Amino acid sequence: QVQLVESGGGLVQAGGSLRLSCVASGSISRINDMGWYRQAPGKQRELVAVITSDGNTNYADSVKGRFTISRDNAKNTVTLQMNTLRFEDTAVYYCNAGLVTGLGVRLYNLWGQGTQVTVSS
């Protein structure tokens, strides 16, 4: 079974830092884009950052200059380093990936279970 498992969420004061990690496990042939989304209470899920298999990145305007996404293709992991956190960054953060399983099945939109990030003001 292919799945994404996040870790690293928690409670931090405004101005602090957190590092989120996500590992894709199971029989995987190839991982395409990997990304992080977030959903705050009462709001829609939004893109935070995405990274292609070649390492090209894209960020939401609200996190540019504060968050950094990276990936380790050998370990099937994607990481989100979050610095200078703000109260409005509080949300459940979800890992997302498009991949091809070892059996050749394409999964275009695989989601992790989410990890809570809470920033106190």
Side-chain angles (χ1 to χ4, degrees):
Q1 180 182 0
V2 176
Q3 60 181 350
L4 301 176
V5 179
E6 302 107 332
S7 61
L11 173 64
V12 64
Q13 288 188 333
S17 298
L18 279 176
R19 186 179 181 90
L20 305 182
S21 294
C22 171
V23 59
S25 63
S27 177
I28 299 171
S29 174
R30 182 178 73 251
I31 303 177
N32 299 316
D33 291 359
M34 302 186 81
W36 290 93
Y37 289 71
R38 66 186 181 187
Q39 187 167 19
K43 295 188 177 181
Q44 290 187 331
R45 191 172 298 189
E46 62 177 2
L47 173 70
V48 176
V50 63
I51 185 168
T52 68
S53 57
D54 295 333
N56 295 312
T57 60
N58 192 34
Y59 295 91
D61 288 342
S62 60
V63 307
K64 284 180 180 177
R66 301 188 297 122
F67 291 10
T68 302
I69 189 170
S70 60
R71 65 189 284 172
D72 184 333
N73 292 330
K75 297 181 179 180
N76 290 342
T77 60
V78 61
T79 300
L80 186 69
Q81 177 66 43
M82 305 185 294
N83 298 328
T84 320
L85 282 160
R86 304 168 179 169
F87 176 76
E88 53 265 35
D89 294 319
T90 297
V92 177
Y93 283 69
Y94 295 92
C95 180
N96 176 272
L99 54 84
V100 180
T101 71
L103 294 178
V105 177
R106 293 181 180 272
L107 300 178
Y108 291 98
N109 220 14
L110 187 64
W111 293 95
Q113 82 285 357
T115 185
Q116 177 70 46
V117 171
T118 303
V119 184
S120 62
S121 57

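The first residue of the sequence shown is numbered 1, and numbering continues consecutively from there. Computed from a prediction, not measured in an experiment: that's the story for all the values here.
Separating the CG atom in Leu110 from the CD atom in Gln3 is a distance of 8.5 Å, to the nearest 0.5 Å. Taken to the nearest 0.5 Å, the OG atom of Ser25 stands 8.0 Å off from the CD atom of Gln1. Rounding to the nearest 0.5 angstrom, the gap separating the CE atom in Met34 from the CG atom in Leu80 is 12.0 Å. Atom SG of Cys22 is separated from atom CG of Asn96 by 9.0 Å, given to the nearest 0.5 angstrom. Interatomic distance, Ser53 OG to Arg30 CZ, rounded to the nearest 0.5 Å: 8.0 Å.
Without hydrogens or angle criteria, Tyr59 side chain to Ile69 main chain gives a donor-acceptor distance under 3.5 Å. Side-chain atoms of Glu6 come within 3.5 Å of backbone N or O of Gly114 as a donor-acceptor pair. Checked by atom type and distance alone, the side chain of Thr90 pairs as donor or acceptor with a backbone atom of Val119 at under 3.5 Å.
Hydrophobic clustering, with ILVMFWY side chains joined whenever heavy atoms are under 4.5 angstrom apart, keeps Leu107 apart from Val5. Val50 and Val78 fall into different hydrophobic clusters, where Ile, Leu, Val, Met, Phe, Trp and Tyr are joined by side-chain heavy atoms under 4.5 Å apart, directly or via other members. Tracing side-chain contacts under 4.5 Å through hydrophobic residues (I, L, V, M, F, W, Y), one reaches Val117 starting from Leu4; they form part of the same cluster. Under the 4.5 Å side-chain contact rule for hydrophobic residues, Val92 and Val63 do not share a cluster.
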Report task. Apply the test salt bridge (charged side-chain N to carboxylate O under 4.0 Å, His left out) to residues Lys64 and Asp61: give CA-CA distance (whole Å), side-chain angles for both, the deciding distance (0.1 Å), then the verdict. Result -> CA-CA 5 Å; Lys64 284 180 180 177; Asp61 288 342; 3.1 Å; yes

Query - CA sep, side-chain torsions, deciding dist, call: Asn83, Ser17, side-chain hydrogen bond (donor to acceptor under 3.5 Å, both in side chains) - result: CA-CA 4 Å; Asn83 298 328; Ser17 298; 2.9 Å; yes

**Report entry** Pair Cys95-Trp36, side-chain contact (heavy atoms from CB on, under 4.5 Å): steps then yes or no
**Finding:** CA-CA 5 Å; Cys95 180; Trp36 290 93; 4.1 Å; yes

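In this structure, Ser121 and Ala14 approach most closely via the heavy-atom pair CA-CB, 4.3 Å. The nearest pair of heavy atoms linking Leu18 to Gly8 is CD2-O, 3.9 Å. The two residues Ala40 and Ala91 come nearest to each other via the heavy atoms N-CB, 3.8 Å.
Shown are Thr79, Thr77, Ile31, Asp33; of these, the side chain to side chain contact (heavy atoms under 4.5 Å, CB included) with Arg71 is made only by Ile31. When Asn76, Leu99, Val105 are each tested for a side chain to side chain contact (heavy atoms under 4.5 Å, CB included) with Val2, only one passes: Leu99.
The shortest distance between side-chain heavy atoms of Thr101 and Ser27 does not fall below 4.5 Å. Side-chain contact check for Val48 versus Met82: every heavy-atom pair is 4.5 Å or farther apart. The side-chain heavy atoms of Leu20 and Arg38, taken from C-beta on, include no pair separated by under 4.5 Å.
Using the six-membered ring where Trp is involved, Tyr93 and Phe67 have ring planes that are tilted, between 30° and 60° apart.
Partners of Tyr94 by ring pair (Phe, Tyr, Trp, His ring centres under 6.0 Å), not counting sequence neighbours: none found.
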